[in-house]
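First comes the structure, then the notes that go with it.
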Amino acid sequence: MRQTRGSGAALGAVLAGALLVACGTAQDIGVTGPTRTGDATTEPTPGLPSATGPTTPPTASIPPTQGLPQGFGQGPPGTGLARFYDQQVSWTPCGSPDTCASIWVPLDYDHPDDQAITIKAKLRPASNSAHPNGTLFINPGGPGASGIDYLGFIQLGASVTQDYDVVGFDPRGVGQSTPVHCLSDHDLDVYIAADPSPDTSSEVSVLQQQWEHFTRGCVENSGPLLGHVSTIEAARDMDILRAVVKDPSFNFYGASYGTYLGATYAAIFPAKVGRMVLDGAVDPEASPRASELAQTAGFQTALTAYLTDCVGSGSCPLGSSVDSAQQQLVSLFEQIDAKPLPTSSGRQLTEGLAFFGFILPLYSKDSWTYETQALEQALGGNGDLLLFLSDQYTDRQASGHYADNGIQVQPAVSCLDHPEHETISEIQAGASDFLDASPVFGQVATWFPYGCSNWPVSSTLPTPDYSAKGAPPIVVVGTTRDPATPYQQAVQLSHELDSGVLLSRDGDGHTAYSSGNVCIDTAIDTFLSAGTPPADGTMC
């Protein structure tokens with residue numbers, strides 16, 4: 001899913017392997033509410049071989065500048081990458097005590113003298129004006145989640161906010177930065193409500209048509225940006241952000257897909273890494289299919305934990321055993337697929353909307369009561385609460401407007417990073433693997449490979465060396481029953497990084513920091529504020 005709010009919503013999220021990285025918890029999706037020294041450098045990018053950059057297959061005709069509503073232009077004065085590293089940035093008030101800025105970065109790093117795009121960032125100053133630790137950059141994941149919004153609700157320790165200016169930023173293609181845009185709000189409604197588990201040839205044909213409509217909209221409305229929103233390019237942007245705040249090293253807290261951004265930065269700029277925490281880790285070296293299967297199994301693990309709790313309460317609307325509750329869920333989704341549920345809004349709760357509304361509370365144990373209430377309603381023929389949760393997941397407002405472009409960005413990033421090449425027959429033949437991973441989620445997850453097997457643009461950027469040799473200790477955090485980024489991915493990333501330090505939380509929900517685990521919070525705060533990492537293998 002959108003590695004959170006996670007990974008994908010609806011057909012689109014599903015087709016992009018949406019479950020792949022939704023990031024965040026019930027707090028950031030509104031279910032429970034908000035709970036410098038050194039000089040800029042202009043050297044070539046280390047750790048990244050030269051390449052021709054993203055390319056577009058002949059079938060996709062990308063208009064040169066069409067559809068880019070903001071932040072697209074010639075960039076700062078000068079030549080080469082130096083003009084971006086040396087740019088003068090103006091930070092202006094944007095709600096006390098914060099200041100905001102737009103930072104130019106190259107559209108295409110292989111052609112830095114050509115067009116440029118902007119990265120929007122918001123800075124919250126350290127409570128200690130001396131702020132000896134410089135700047136801490138934060139990213140909540142997605143791909144497609146807003147770091148600017150994240151700054152408003154992330155709960156950093158007092159020792160961290162005392163000594164760091166904290167900067168949230170929207171990566172390229174996201175939110176207030178130069179954005180990817182694919183569909184109108186109306187068309188996005190149709191796309192998100194679509195059938196995520198086609199089981200007849202006619203339903204498969206509809207899925208193909210809907211995905212073609214989505215990708216055509218991305219090509220027509222995003223222009224050349226569509227081929228330049230890879231994680232590698234976003235990580236290179238992060239080094240320009242480091243330079244414009246005049247920090248010699250890059251300090252970073254990344255959650256969910258934000259861990260992929262951080263690991264990629266470390267792979268490209270190992271000598272520039274400062275204090276880095278990667279929470280709810282994604283394994284950047286895993287194959288797309290392995291990641292899809294792992295996330296499917298991860299949501300099944302989270303579901304089993306929820307059902308065990310529900311049944312244990314003695315009043316679970318799904319039944320009196322975990323097995324019977326799981327079968328009741330399978331039957332419920334089959335019934336909604338055949339006949340969508342009515343809601344008081346007049347919108348119908350389709351299987352796609354029900355699926356993503358159901359997934360959302362699994363990101364946080366604190367939201368399990370919402371899950372039970374929504375399912376009790378749905379079993380009674382009322383789709384109101386599941387629809388509300390689905391809208392929270394996709395950031396759809398009551399007016400019908402989508403507050404951000406996260407659902408549209410996710411496939412654009414994921415499919416550049418991890419293209420797939422599976423045919424319809426191959427996808428159908430592999431269905432049993434997903435059903436084995438999860439009887440409840442498997443039928444939808446079967447179709448994860450379709451989107452990136454039919455994406456209109458591709459990238460030829462080489463994969464960096466994720467060992468990040470030469471980097472200082474990097475703390476990798478995993479939660480044992482994390483649905484969106486399964487625990488084993490944190491274990492893998494900690495091994496892949498030459499200096500990886502594994503910190504584990506035994507618990508439920510997505511990501512570990514600020515989840516109520518004092519051991520985790522103390523370890524992360526101590527590392528960020530004092531530079532002392534926890535012992536490798538610490539379990540909290």
Subject >> side-chain hydrogen bond (donor to acceptor under 3.5 Å, both in side chains) between Asp506 and Thr480, worked out >> reply: CA-CA 5 Å; Asp506 183 14; Thr480 55; 3.1 Å; yes
Original post:
Can you find a heavy atom in the side chain of Asn251 that is under 4.5 Å from one in the side chain of Phe137?
Top reply: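 Answer no - side chains too far apart.
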Original post:
Would a 4.5 Å heavy-atom cut-off, applied to side chains only, mark Phe388 and Asp391 as touching?
Top reply: no
Original post:
Atom CG in Leu107, atom CZ in Arg172: separation rounded to 0.5 Å?
Top reply: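 Leu107 atom CG to Arg172 atom CZ measures 6.5 Å (nearest 0.5 Å).
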**OP:** To the nearest 0.5 Å, tell me how far Leu226 CG sits from Leu416 CG.
**Re:**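 That separation rounds to 7.0 Å.
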Examine the side chains of [X] and [Y] and answer whether a donor and an acceptor come within less than 3.5 Å of each other.
{"X": "Asp465", "Y": "Ser467", "value": "yes"}
{"X": "Asp525", "Y": "Tyr513", "value": "yes"}
{"X": "Ser146", "Y": "Asp170", "value": "yes"}
{"X": "Thr231", "Y": "Tyr257", "value": "yes"}
{"X": "Asp237", "Y": "Tyr109", "value": "yes"}

**OP:** Look at Asp239 together with Arg242 and state whether they make a salt bridge at an N to O cut-off of under 4.0 Å.
**Re:** yes
**OP:** Tell me whether the centres of the aromatic rings in Phe269 and Phe250 are closer together than 6.0 Å.
**Re:** no
Original post:
With ring centroids as reference points, do Phe299 and Tyr363 lie under 6.0 angstrom apart?
Top reply: yes
Original post:
Where does the angle between the aromatic ring planes of Tyr306 and Trp368 fall among parallel (under 30°), tilted (30 to 60°) and perpendicular (over 60°)?
Top reply: perpendicular
Original post:
Where does the angle between the aromatic ring planes of Tyr150 and Tyr253 fall among parallel (under 30°), tilted (30 to 60°) and perpendicular (over 60°)?
Top reply: parallel
Original post:
In this structure, which one of Leu502, Thr485, Val476, Val477 forms a side-chain contact (heavy atoms from CB on, under 4.5 Å) with Leu493?
Top reply: Val476
Subject >> Side chain Glu285, main chain Glu496, donor-acceptor under 3.5 Å >> reply: no
